[in-house]
Trainee: 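Would you mind keeping the following structure in view while I ask a few things?
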Amino acid sequence: MPKFFIKTYGCQMNERDSEQVAHSLLARGYERVGHESEADVVLLNTCSVRDMADQKALGKMGMLGRLAKERPHVVFGFLGCMAQARGGSLLKDLPHVDLVIGTQKFHRVADYVDELAATKEARTECAPYHSNRAMDDVRFSIVDVDEEAGSQSTIRDQQLTPKQATAFVSIMQGCNMHCTFCIVPQTRGAERSRSIGEIVTEVRDLVSRGVKEVTLLGQIVNLYGRHEFPKVDNKSPFVQLLESVHKVEGLERLRFTSPHPIGFRHDLIDAISRLPNLAEHVHLPLQSGSNKILKAMHRAYTVEKYLDLVERIRRARNGVAITTDVIVGFPGETDDDYRRTRDLVEEVQFDNAFVFRYSPRRDTPAAEMPDQIDEHVKEERNQDLLEVVNKSNRRILERLVGSQVEVLCEGPSKTNHARLMGRTRTNKIVVFPPSSKRRPKGKSEELVGELVNVRIERANGFSLYGMPLLEYRYSIAS
Ligand code: SF4
């Protein structure tokens with residue numbers, strides 16, 4: 001049985017795309033392995049959002065050149081955003097690469113891998129060449145980064161692990177917003193959405209297989225369907241979708257990411273207040289606390305509008321957690337602009353924030369802007385802002401000590417396999433043992449995939465630690 005290894009860089013959309021590719025290879029009889037040295041097919045699903053992500057994937061593939069010499073039958077491929085942006089040029093610098101597949105072609109990977117594996121098998125004389133094709137027709141490498149109509153509907157299957165409690169569902173692809181720093185409109189193309197019916201069918205299937213929490217994914221998820229589907233009763237297609245998915249019986253929690261602030265109109269705020277299974281967590285990318293920089297970023301909102309939105313979301317749902325993304329060191333960002341960002345982050349008291357140093361991306365307007373910021377200034381602002389974020393994060397976690405929270409148990413903790421981990425409705429990580437004084441004979445397997453009530457005993461900077469209570473909500477195997 002041929003074996004494949006797939007490594008994913010970047011965001012949750014990439015994770016989801018990799019799962020689709022894995023599913024298609026498993027369906028062909030390939031076996032998934034955890035290390036490239038055991039694999040007959042090595043795929044890197046890449047990210048292009050920052051230069052560092054590009055460099056990581058290029059460096060990894062460069063190191064795999066040695067493996068290619070030792071095991072010439074292995075098929076090596078780049079998938080995803082960097083593959084889309086760089087195309088066939090990747091073959092020039094890394095001659096052992098056989099496959100370059102863009103973001104609209106994940107569903108073709110299995111066919112291409114089969115074809116290349118057969119060609120390599122023949123060339124390395126491991127087995128008689130079984131194709132009748134003339135050698136002229138044989139492709140030794142494949143590059144496919146074309147657009148394909150309907151490709152947004154091809155990310156729809158996934159293999160679940162036993163007792164998998166959470167799943168991502170891709171609802172749209174692409175983005176038309178053209179923020180001046182962002183390469184995504186180039187790598188993912190224009191906005192294209194799946195139909196509500198297709199998405200609900202996928203969610204229903206996942207829930208029937210044991211999934212309790214679904215996260216709807218899109219580059220600007222809350223602007224879903226705006227070009228394809230009409231408003232109904234003054235509700236946007238995204239709110240219509242939330243309502244439809246919310247009705248799926250057995251679905252306990254519904255999340256969405258990543259939204260754009262301009263997509264939070266009255267109907268969505270209203271949905272947050274009235275759909276109980278919508279989890280109490282909103283990721284609300286800020287990017288900058290300076291109106292001048294927001295304008296240069298082409299973000300289409302002001303600091304005042306952002307703050308008003310935070311207020312309205314907090315009023316709509318008690319205890320809602322708000323997280324964000326911030327870019328520091330955007331071209332032209334003065335000390336005063338940075339101070340405005342810092343003040344705003346302090347004022348809002350985010351539950352968490354991802355802070356990024358601005359990274360110029362090829363063919364984006366911001367890369368050509370004057371007044372690019374020195375790397376060491378970016379780094380100073382990055383470290384300074386992280387301190388502010390960590391303080392508010394710690395404060396919020398400490399407030400939860402002594403309370404009881406509902407945790408969806410995902411499996412063993414990554415750092416200590418004797419313990420379990422899961423997330424609260426507000427997306428906080430909780431680590432807990434499988435047994436406690438009140439539950440002395442608890443076994444780990446019983447709680448995986450279940451909603452568990454946990455009493456929080458302590459917090460560190462990033463996670464909560466607690467004890468499971470008896471009255472977890474689902475009856476476990478007796
Ligand atoms: S909204 Fe802006 S930052 Fe987000 S994917 Fe689109 S262009 Fe990029």
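In this text the structure is predicted, and so the values were computed from the model without any measurement. Counting starts at 1 for both ligands and their atoms, in listed order.
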Trainee: Which bit of Pro285 gets closer than 4.0 Å to ligand 1, counting heavy atoms only: side chain, backbone, both or neither?
Mentor: neither
Trainee: May I ask whether Arg299 places a heavy atom under 4.0 Å from ligand 1?
Mentor: yes
Trainee: Heavy-atom contacts with Cys182 under 4.0 Å: which atoms of ligand 1 show up? List them by number with element.
Mentor: 3 (S), 5 (S), 7 (S), 8 (Fe)
Trainee: Take Glu148 and Lys105, measure what side-chain contact (heavy atoms from CB on, under 4.5 Å) needs, and give me the verdict at the end.
Mentor: CA-CA 7 Å; Glu148 185 169 324; Lys105 299 290 182 174; 2.8 Å; yes
Trainee: Enumerate the atoms of ligand 1 whose separation from the nearest heavy atom of His178 is less than 4.0 angstrom.
Mentor: 7 (S)
Trainee: As a quick check of understanding, evaluate side-chain hydrogen bond (donor to acceptor under 3.5 Å, both in side chains) for Asp325 and Gln287, giving each step before the final call.
Mentor: CA-CA 6 Å; Asp325 298 326; Gln287 309 304 9; 4.5 Å; no
Trainee: Looking at Pro185, which atoms of ligand 1 are within less than 4.0 Å of one of its heavy atoms?
Mentor: 7 (S)
Trainee: I need the nearest protein heavy-atom contact for atom 4 (Fe) of ligand 1: residue, atom name and distance, please.
Mentor: Gln219 O, 4.2 Å
Trainee: Quick one, Val214 and Thr166 - any side-chain contact, counting heavy atoms below 4.5 Å?
Mentor: no
Trainee: Check ligand 1 against Ile220 and write out every atom of the ligand that is under 4.0 Å from a heavy-atom position of the residue.
Mentor: 1 (S)
Trainee: Pair Arg425, Glu406 - check side-chain contact (heavy atoms from CB on, under 4.5 Å), show working.
Mentor: CA-CA 7 Å; Arg425 293 179 60 89; Glu406 178 203 275; 3.5 Å; yes
Trainee: Short list, please: which atoms of ligand 1 are under 4.0 Å from a heavy atom of Phe181?
Mentor: 3 (S)
Trainee: Under 2.8 Å from atom 8 (Fe) of ligand 1, is there any N, O or S atom belonging to Cys179?
Mentor: no
Trainee: Indicate yes or no: at least one non-hydrogen side-chain atom of Leu286 is less than 4.5 angstrom from one of Val303.
Mentor: no
Trainee: Could you tell me whether atom 2 (Fe) of ligand 1 has an N, O or S atom of His260 under 2.8 Å away?
Mentor: no
Trainee: Are the aromatic rings of Tyr224 and Phe256 close, with centres under 6.0 Å apart?
Mentor: no
Trainee: At what distance is the nearest protein heavy atom to atom 6 (Fe) of ligand 1, and which residue and atom is it?
Mentor: Cys175 SG, 2.2 Å
Trainee: Kindly assign one of parallel, tilted or perpendicular to the pair Tyr301 and His260, based on the angle between their ring planes and the thresholds 30° and 60°.
Mentor: perpendicular
Trainee: Arg32 versus Tyr30: any side-chain heavy-atom pair under 4.5 Å?
Mentor: no
